[in-house]
Structures are given as structure tokens and as C-alpha cells.
Amino acid sequence: MAVSSPQVVVVVPTYNERENLPVLADLLSDLPLPNLHLLVVDDNSPDGTGEVADKLAAESPDTVGVLHRTAKDGLGRAYLAGMTRALDEGADVVIQMDADLSHPASAIPAM
């Protein structure tokens with residue numbers, strides 16, 4: 001019987017993270033983890049972060065998703081919305097990260 005890899009979703013709330021988001025997406029995609037997904041939760045960033053997230057999702061629809069929220073509604077609520085969506089979509093493991101690159105993506109495999 002084949003054992004499948006758990007679906008791991010990294011929830012990343014964003015607000016004005018246009019420059020950091022592609023860097024973070026690359027760091028995550030370089031990790032040696034099958035079935036790793038990125039879920040961007042954007043709070044209608046005025047700098048166009050949501051559009052960057054949509055582009056990343058279009059380029060990698062099997063591994064990147066975007067949840068657009070219409071207003072800046074707080075970091076905690078963004079995490080909650082992202083985690084709820086990730087679990088609703090079948091995530092086995094949910095990880096939270098900031099988009100400002102303060103959390104090392106390299107730590108994820110050890111988790």
C-alpha cells in the first residue's frame with residue numbers, strides 16, 4: 001500500500017508585500033517537500049500584492065492559492081480565514097508564516 005505525503009499548507013497573510021511575496025514563494029517551492037502548498041491571504045493591499053499573488057497562482061495553480069479579503073481586517077483574522085480555507089480544502093498540516101521573510105522557510109521540513 002502506497003503512503004501519500006500529507007498536504008501541507010503554508011498560510012501567509014499579506015498587506016503591502018509585493019516585493020517579498022515572490023521571494024517567499026520561491027523559497028517554499030525550493031523545499032524538498034511533496035504536496036506543499038502556499039495560501040496567500042491578501043487584505044486588498046494598495047501596492048498590488050493581490051495581483052502578484054494571482055500571478056503566482058496562475059503560474060502554479062496546483063501549489064498556490066489566493067484568498068482575497070476586501071479590507072484590512074487584522075492579522076489574527078487573516079490567519080483564521082486562511083486556516084479555515086486550508087482545512088476546508090483538505091489540508092493535513094497548516095503552517096503560518098509572515099510574508100516579511102522573518103520566518104525561515106528552511107525550518108518547515110523539520111516541522
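What you see is a predicted model; the values in this text were computed from it and never measured.
- Taking the side chain as every heavy atom from C-beta outward, Y79 and V11 approach each other to under 4.5 Å.
- Pairs engaging residues 84-93 under the salt bridge (Lys or Arg N to Asp or Glu O under 4.0 Å) rule: R85-E89 [sequence neighbours left out].
- Salt bridge annotation for R69-D43: present, with a cationic side-chain nitrogen under 4.0 angstrom from a carboxylate oxygen.
- Rounding to the nearest 0.5 Å places OG of S106 at 11.5 Å from CG of D30.
- The shortest non-hydrogen separation linking P109 to P32 is CG-CD, 4.4 Å.
- In this structure a side-chain-to-backbone donor-acceptor pair under 3.5 Å is missing from H68 to D42.
- T49 contributes no side-chain N or O that, together with a main-chain N or O of T14, makes up a donor-acceptor pair within less than 3.5 Å.
- L80 and L75 fall into different hydrophobic clusters, where Ile, Leu, Val, Met, Phe, Trp and Tyr residues are linked whenever their side-chain heavy atoms come under 4.5 Å apart, directly or through other members.
- Listed by chain and number, the residues in a side chain to side chain contact (heavy atoms under 4.5 Å, CB included) with T70 amount to none (sequence neighbours excluded).
- Interatomic distance, OG of S45 versus CZ of R18, reported as 10.0 Å (0.5 Å rounding).
- Without hydrogens or angle criteria, S60 side chain to A57 main chain gives no donor-acceptor distance under 3.5 Å.
- The shortest non-hydrogen separation linking E51 to G48 is OE1-CA, 2.9 Å.
- In this structure, L27 shares a hydrophobic cluster with V8, V10, V12, L21, V23, L24, L28, L31, L33, L36, L38, V40, V52, L56, V64, V93, I95, M97, L101, I108, M111, the cluster being traced through Ile, Leu, Val, Met, Phe, Trp and Tyr side chains under 4.5 angstrom apart.
- Of all heavy-atom pairs between A86 and V94, the closest is CB-CG2, 4.0 Å.
- Looking at heavy atoms from C-beta onward, P46 lies in side-chain contact with N16 at the 4.5 angstrom threshold.
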